[in-house]
There are 2 protein chains.
Amino acid sequence: MDARTFKDAIYGDFARMGKVLSSPKRFELLDLLSQSPKSVETLARESNMSMANTSKHLQALLDARLVDYQKNKNYVIYQLANPKVVNLLFSMKSIAEDQISEINHLREDFIVRGDQLETIELEDWFDLKEGDSHVLIDVRPQSEFLSGHIEGAISIPVEELNDHFKNLPSDKEVIAYCRGPYCVYATEAVEFLKEQGYQAARLEAGVHEWKQYQANQNH
Amino acid sequence: MDARTFKDAIYGDFARMGKVLSSPKRFELLDLLSQSPKSVETLARESNMSMANTSKHLQALLDARLVDYQKNKNYVIYQLANPKVVNLLFSMKSIAEDQISEINHLREDFIVRGDQLETIELEDWFDLKEGDSHVLIDVRPQSEFLSGHIEGAISIPVEELNDHFKNLPSDKEVIAYCRGPYCVYATEAVEFLKEQGYQAARLEAGVHEWKQYQANQNH
DNA sequence: TAACTATTCAACTGATTAGTTGAATATTAC
DNA sequence: GTAATATTCAACTAATCAGTTGAATAGTTA
């Protein structure tokens, strides 16, 4: 085998990763799976695709070995095949954030409500949590909370906030987080809680940002 | 804007990175540029593409803002637009290595010659270099050496080894490195030097692996 | 065993992409 | 001002991809 043949083969293999992530829908599926394993039905609903199309994309991810699955009765529960997938998604988002200004505009407008929403960085949360005047809530679906959550958080899925918010101490500020910087659940939660008279702010991080922050602190 | 519209827009932007890296040829171009800025002509030659096709791919990379350029007389010198591109390539390679066993087979067969080539890990080089019995050579094109190289290395491009190897001390072991784990230059250099009676080994790292190793040590 | 549920597959359509060919453009050198 | 050099563009062809539709498959439940 000559060098050119070797390079063509090697770059062909490397580019398979790019190819599988060239689809916005497959990217979203991987993001969803990074929060917890999920069934085809759940993934189809969350990503707004047909079951057939969702299954097709999952087959592509399976073929690239970025996901694998376990059967549970009639359900096929898909999960990330390698924790490095999270790093890969991070890396792609990070550079997309730097190079595509539209991303920041979209986030500013839709997630941070044009800077009208009070937000807290993860670094600041670590200071605040030493005191006793804040409570941290995880507003993702409970299955995602059970898969992994920021230490000290209480699970109150945003869809259940109306039923459970009264359990929150009214003399503390509520810090809400969800799937990460591009998830709107925490924004909705903070808006709702403010309407109910609470002090509330959105944490600009999800469970993966928190884990990465912890890992960096422990060096 | 509702949540679904926002997500479709955001994932569309994220997936643009995947899309641009879904082409083996664009991946190779970015890899080449990670070693040093280069002209279209040089990139076409190194990647074995026509000038027209090379230019087309570079326009796609430009559009995604992963590269930018400077003019030098008739030459357009392309370069990486953001150092994070190197991280992104690393991340994609890392997961491809884990998930595509063919990659390791190809490397084993072609780069390490079925384990018949003596190799040294970067960690081990840091021990060896404290002594006085080894010399480190960079066998990439000199322009890449000038762009950045492992500290203490001497530049002897593999194509010029025949003319310059006699300058190497015959009582020391020669450690050769090139662009990284998937570059064959160091393999060719080691084989040539052994034929000339030298003790030689291939360093399983390039300048980026070295920089990353240094950064990790300084935490 | 039949009905139901969840998932996957095959075939199709329309859109997108990779590479080539020939032409156009920009800059330099003489 | 012309020729040469480096690069980019437009138009084409063939291949690939995304989503849909209808059917098939696999497993469960009553």
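Each chain gets a letter, A, B and so on, in the order its sequence line appears, and its residues count up from 1.
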- Message: Is the distance from the ring center of B/Y182 to that of A/F14 below 6.0 Å?
- Response: yes
- Task: Report yes if at least one side-chain N or O of A/N53 is closer than 4.0 Å to OP1 or OP2 of D/dG19; otherwise report no.
- Result: yes
- Query: Any side-chain N or O of B/Y78 less than 4.0 Å from the OP1 or OP2 oxygen of D/dT8?
  - Reply: yes
- Item | Interatomic distance where CG belongs to B/L58 and P belongs to D/dT7 [whole Å] | 10 Å
- Query: Should A/L80 and A/S34 be marked as a side chain to side chain contact (heavy atoms under 4.5 Å, CB included) after you check the CA-CA gap, both sets of side-chain angles, and the distance that decides it?
  - Reply: CA-CA 7 Å; A/L80 295 187; A/S34 76; 3.9 Å; yes
- Task: State whether B/H57 places a side-chain N or O below 4.0 Å from either non-bridging phosphate oxygen (OP1 or OP2) of C/dT17.
- Result: no
- Item | Rounded interatomic separation in angstrom, taking CD from A/E41 and P from C/dT5 | 11 Å
- Task: Could you tell me whether the side chain of A/K71 has a donor or acceptor atom within less than 3.5 Å of a complementary atom in the base of D/dG27?
- Result: no
- Quick one: the side chain of A/N74 and the base of D/dT28, do they pair up donor-acceptor inside 3.5 Å? no
- Query: Would one find a side-chain N or O of A/R26 under 4.0 angstrom from OP1 or OP2 of D/dC17?
  - Reply: no
- Listed nucleotide nearest any side-chain atom of B/K19, set C/dT17, D/dG19, C/dA18: C/dT17
- Note on the structure: Rounded to whole Å, NZ of B/K56 lies from P of D/dT13 at a distance of 14 Å
- Integer-rounded Å distance: C/dC4 P and A/M51 CE: 17 Å
- Note on the structure: For A/S47 and A/E28 the tightest heavy-atom approach is CA-OE2, 3.8 Å
- Query: How is A/T54 classified with respect to the nucleic acid when contacts are heavy atoms under 4.0 Å: base, sugar-phosphate, or nothing?
  - Reply: nothing
- Task: Assess the side chains of A/Q79 and A/D68: does a donor N or O sit below 3.5 Å from an acceptor N or O?
- Result: yes
- Query: Given atom CG of B/N72 and atom P of D/dA6, what is their separation to the nearest angstrom?
  - Reply: 12 Å
- Could you give the NZ-to-P distance, from A/K73 to D/dT28, as a whole number of Å? 8 Å
- Query: Can a side chain N or O of A/S50 be found less than 4.0 Å away from OP1 or OP2 on D/dG19?
  - Reply: no
- Query: Between D/dT20, C/dG19, C/dT20, which nucleotide has the shortest distance from any of its atoms to the side chain of A/A52?
  - Reply: D/dT20
- Task: Report the distance from atom CE of B/M49 to atom P of C/dA18, rounded to the nearest whole Å.
- Result: 11 Å
- Item | Given A/K38, A/R140, A/R179, A/K25, the one that forms salt bridge (Lys or Arg N to Asp or Glu O under 4.0 Å) with A/E46 | A/R179
- Query: B/L61 has an atom CG; how far is it from atom P of C/dA18, in whole Å?
  - Reply: 11 Å
- Item | 5′-ward residue of the pair A/V76/B/K25 relative to DNA chain C | A/V76
